[in-house]
Each structure stands twice: as C-alpha cells, then as structure tokens.
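Let me begin by presenting the structure, written as structure tokens, before commenting on it.
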Amino acid sequence: MERHFHSEQSRSQLAGPAAGLAGYPKFDESSHSLLKKHLTKDAYLQCETRVTPSGFTLQHAIQSGVDNQDSGVGLYAGDEESYTVFAPVFDAVIEDYHNGYKPTDRHVSDMDASKLRGVPDPEGDYVISTRIRVGRNIKGLGLSPGISRANRRKVEELVVEALNQLEGDLAGTYYSLGSMSEADRKQLVADHFLFKKGDRFLQSAGANRDWPESRGIFHNNEKTFLVWVNEEDQMRIISMQKGSDAKEIFERLSRGISAVEEKIKAAGFEFAHNEHLGFIHSCPTNCGTGMRASVHVKLPKVGAHPDFKKWCEKLRLQPRGIHGEHSESDGGVYDLSNKERLGKSEVELVQTMIDGVQVLIAAEKALVAGEPLPKELTE
Ligand code: ADP
Ligand code: DAR
C-alpha cells in the first residue's frame, strides 16, 4: 500500500498504525449521509493509514459526518491531495452526488455570459434578488478543513493584495473580521453580507480553527461584488443585485474572477484546478464550477404545493431558506438555485436556473388563476 507521509508537523495527529475496523465510525439508523453510504468497510481499510502531504487523514475528512449524523454529505477535503489519497471514498461520493460523474470524466468551464438567454422574471413581480457565487482556493495552500495557520494568513495576504488593486465598478473595501469597527460590523449585518462563524458541520470539519483570524469580507462600492475570505473556502466570489438580470450579474462575476486571478498569478500562485474536478473546493459538492446561481423568489403557492420538492428535482433546482443553507423559507419566499456544480459549465448551470425559475413562476401564475400547470412539470 502506498504510504503518504506529511511533509510538516502541521497537524498533531498522525494516521497511526493500522487499527483495522476498530476505528470504523458508528452511524445512526436515521443517518442518510453520502458518507454513511459510501464509507464501505473496504474503502475504510484502504484509506485508514493514509496521510496527505499536509497531514490530513481519513479521520479528519470524515469527522463532520460522524459528529453530525444529519449531514447530507459528511465529507470534506483538507487539501487538494485529499481527493486522490482518499479516492475510494471521495470518488464514490462525487459519482453519487454529481449524477454519475465518473473518475475518468473531464470537467469543462464556460464563463461567457453572452451565451445566456432570457431572465427569470422580466416583469419583476416575483424575483427579489439574484446572486451568483463561486468558490476558489489557491493551489498549494490547503483547504479550510486542513489549512495551516501560516497558510491561512498567506491566503488573506494574497487575496487582500489582489482585492486592493481592483478598479472601476469592482473597486471597494476589505473588512477584517478580527479588527472591523462595530459600526462596520453592524452595516455588514444590515446588508446581509457578514458571514457568521461556520456552522456545526464546518466546526467538526476543522474549518473554524483560529476563528476569526485571517477571515474577512470585501465588497465593492456599489455592494454588488463581494469576496468572502477564509470561510468554507479560501474565497467565495459573489456578484449580486436586486431583480433578476442574471446576465449582468454573471458578466460582473466573470470579470471579477478574472481580475482576482490575474493578481494571484502575478504573485506567483494559481487557483487549485484540475481537468477531472475543475476548481477544487473543500466540500466535494462544490467541485467543478463551485457555482451556485440563486434567486430569492416569491412563490407562496408553488412552495406550499405537495409536489414542490419533486418539481425542483425535475428542474434540477435546489430549494433553500432565505437566510442561507439549512435555513427555512420565510413568507413564501424561497432561495432557488442550480443543484449541480460538476460536469456542467457555468453557462449551463445559470441557464438551468433561469429556465427552471421561469417554469415555477409560470406554475405560480397557473395556481393563482386555477389554470393547468406548465407542461414542463406535468409531462
Ligand atoms: P452559499 O450560497 O454561499 O453556499 P448560503 O446558501 O448560506 O451559502 O447563502 C449565503 C448567504 O447569501 C445567505 O445570507 C443568503 O441569504 C444569501 N443569499 C443567497 N442567495 C441570495 C439571493 N438570491 N439574494 C440575496 N441573498 C442571497
Ligand atoms: N452541511 C454539509 C455540507 C453539505 C454541502 N454544503 C456545503 N458545502 N456548504 C453536509 O454534509 O450536509
């Protein structure tokens, strides 16, 4: 068995000698995580003593799903190498979550906003706001669950240096979580920009270590372009505005990503990416594009319909609450976004969101008028 020894004492715990199944985790009957489904005894025995170059072990990768039996996935990567060192587990979880995406498949990116057709809500009667985000991580500096304190500081230094060079409609201000003024904090909360300390899933994954050090938020002067630094990923690059002009939002995001990438490359670094997994993220659900294009949309009758979740599945949409992942909807307003991230391009995913939300708005109108539902839902 190939042994992967860490190159530095970045993590106190080594994988240790083979303990066999003595350390195999317990899963509740109620758990339906992809980790429970795909951490077979054989995969566990293959991976239990492996360690990535930065010292990340299988135990680190599965801890979140062991602590949180209600996880949907339950598995995180601590560095890019986690995806190959623990491939028996990650490959199975990725193939399951991303519609049969195989270890031999190749991901293709397309950030050309001019290819988008239509907007979800031209009349502006249903969609309150639209947001498109991607994650990005800098190659060689780890991922949030396994990153060292020194590398997390390096990430903030590199990213803030890049952000401070943004020009035109992207120019703005960075606010460090550890040192922002109370007035700035209150404004960021009021704007719904301030991310909170990672949830219990990220806590167990090790992503919250040293909080709030090296964490912060950038936003442009118009508050339509944001970058979260060292939250679940090293960067969450976000473009958002009121209304549903997804093309304008996507175009700004594409320019922003390119501008940040240019500065990162000028500093001698690059985004973590490979042909198979696209852009590398800490959670396997985000690999590929890392893109979630979402609308906050008023669909009280559609949302209350017993077939709402089935319709979202059919349209390849993911419903969320309006205060972020794991939150509930509020007053018939839902966060609807593309569910897929990997194996489809950014243009395809944004178009999926546009087309799917158009269908659900048509369904809302039909339910109000007592007319037949759109054929996309009934065929
Ligand atoms: P992420 O999209 O980063 O994976 P969340 O679902 O937790 O994570 O959303 C992060 C934040 O972005 C939450 O505060 C959520 O309310 C906000 N948000 C998401 N989509 C929209 C949108 N279309 N309009 C306004 N805010 C949004
Ligand atoms: N809550 C974790 C992660 C699911 C995907 N969402 C992310 N990466 N924010 C779970 O396993 O349910």
Side-chain angles (χ1 to χ4, degrees), residues 27 31-39 61-77 93-94 96-98 120-121 126-137 143-145 188-205 207 217 219 223-224 226-228 231-233 235-246 249-250 253 281-298 317-330 333-342 349-350 353-354 357:
F27 290 106
S31 170
H32 299 291
S33 69
L34 293 182
L35 177 69
K36 176 182 177 182
K37 183 176 175 183
H38 296 294
L39 186 67
I62 69 174
Q63 194 64 50
S64 184
V66 174
D67 290 350
N68 302 283
Q69 293 285 318
D70 59 340
S71 292
V73 179
L75 182 69
Y76 287 91
V93 166
I94 286 168
D96 192 330
Y97 184 87
H98 294 285
D121 177 22
Y126 297 88
V127 172
I128 298 165
S129 52
T130 302
R131 172 183 182 268
I132 307 179
R133 65 82 165 160
V134 298
R136 288 293 183 271
N137 293 284
L143 298 170
S144 59
L188 287 166
V189 170
D191 292 333
H192 296 288
F193 289 168
L194 186 60
F195 58 76
K196 304 173 196 61
K197 185 171 183 177
D199 58 29
R200 57 191 164 92
F201 304 95
L202 293 172
Q203 177 69 27
S204 293
I217 292 173
H219 67 69
K223 298 187 177 181
T224 56
L226 295 86
V227 178
W228 292 356
E231 191 240 4
E232 177 174 335
D233 286 294
M235 280 166 272
R236 286 293 174 90
I237 306 175
I238 301 160
S239 178
M240 63 192 292
Q241 66 193 45
K242 297 295 183 196
S244 71
D245 189 342
I249 293 163
F250 189 40
L253 178 67
H281 288 69
S282 61
C283 178
T285 65
N286 280 313
C287 283
T289 62
M291 179 169 280
R292 191 169 89 84
S294 63
V295 292
H296 280 182
V297 58
K298 295 175 282 192
L317 295 178
Q318 180 188 47
R320 292 188 181 186
I322 62 168
H323 300 293
E325 187 175 23
H326 306 302
S327 71
E328 297 304 317
S329 71
D330 185 358
V333 180
Y334 293 86
D335 170 324
L336 294 180
S337 61
N338 56 289
K339 180 181 178 187
E340 296 165 291
R341 305 274 189 276
L342 174 62
L349 296 180
V350 177
M353 183 277 284
I354 292 170
V357 172

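First listed ligand is number 1; within each ligand, the first listed atom is number 1.
Taking 4.0 Å as the cut-off, F195 does not count as a neighbour of ligand 1 on heavy-atom distance.
Of the heavy atoms in R292, only side-chain atoms (C-beta onward) come closer than 4.0 Å to ligand 1. Contacts between V295 and ligand 1 below 4.0 angstrom, taking non-hydrogen atoms only, involve the backbone exclusively. Neither the backbone nor the side chain of F193 comes within contact range of ligand 1; no heavy atom lies under 4.0 Å. In I322, the part holding a heavy atom less than 4.0 Å from any atom of ligand 1 is the backbone. Contacts of H323 with ligand 1, taken as heavy-atom pairs under 4.0 Å, involve the backbone alone.
Applying the salt bridge (Lys or Arg N to Asp or Glu O under 4.0 Å) test to D330 and every residue at least two apart in sequence or in another chain returns nothing.
Checking side-chain atoms of S239 against main-chain N and O of I249 turns up a donor-acceptor pair under 3.5 Å. Checking side-chain atoms of D233 against main-chain N and O of G135 turns up no donor-acceptor pair under 3.5 Å. Looking at S71, its side chain never comes within 3.5 Å of a backbone N or O of S33 through a donor-acceptor pair. Panel note: side chain N338, backbone M353; no donor-acceptor pair is recorded below 3.5 Å. Checking side-chain atoms of D121 against main-chain N and O of S244 turns up no donor-acceptor pair under 3.5 Å.
Of the candidates Q241, R131, Q318, it is R131 that places a heavy atom closest to atom 2 (O) of ligand 1. Between S294, G321, S337, it is S294 that holds the heavy atom closest to atom 20 (N) of ligand 1. Nearest residue to atom 22 (C) of ligand 1 from H296, R320, R133 is H296 (criterion: closest heavy atom).
For the pair K37 and F27, the cation-pi test (distance below 6.0 Å, angle within 45°) is failed. At least one cation-pi condition fails for R292 and W228: the charged atom is not both under 6.0 angstrom from the six-membered ring centre and inside a 45 degree cone around its axis.
K242 NZ: 12 or fewer foreign heavy atoms inside a 6.0 Å radius.
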Next item on the list: Decide side-chain contact (heavy atoms from CB on, under 4.5 Å) for M291 and V350; before the verdict, give the C-alpha distance in whole Å, the side-chain angles of both, and the deciding distance to 0.1 Å.
Entry: CA-CA 9 Å; M291 179 169 280; V350 177; 3.6 Å; yes
Next item on the list: Just do the side-chain contact (heavy atoms from CB on, under 4.5 Å) check on D70 and F201 with the steps written out, would you?
Entry: CA-CA 10 Å; D70 59 340; F201 304 95; 3.8 Å; yes
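Using a heavy-atom distance under 4.0 Å as the criterion, the protein contacts of ligand 2 are S71, G72, V73, G74, Y76, F201, E232, C283, T285, N286, E325, H326.
Listed by atom number, the atoms of ligand 1 under 4.0 Å from M240 heavy atoms are 25 (C), 26 (N). Taking every non-hydrogen atom of W228 and a distance limit under 4.0 Å, the qualifying atoms of ligand 1 come out as 10 (C). Near D335, the atoms of ligand 1 lying under 4.0 angstrom from a non-hydrogen atom of the residue are 19 (C), 20 (N). Close approach of ligand 1 to R236 is summarised as follows: ligand atoms under 4.0 Å from at least one heavy atom of the residue are 1 (P), 3 (O), 4 (O).
Closest to atom 7 (O) of ligand 1 among all protein heavy atoms lies E325 N, 3.0 Å. Considering only non-hydrogen protein atoms, atom 24 (N) of ligand 1 sits nearest to S129 OG, 2.7 Å. Among protein heavy atoms, the minimum distance from atom 15 (C) of ligand 1 is reached at G324 N, 3.8 Å.
Closest approach of I322 to V333, counting heavy atoms only: CG2-O, 3.4 Å. Nearest heavy atoms, G290 versus R133: O-NH1, 2.8 Å.
Side-chain contact between C283 and E232: present, with at least one pair of heavy atoms (C-beta onward) separated by less than 4.5 Å.
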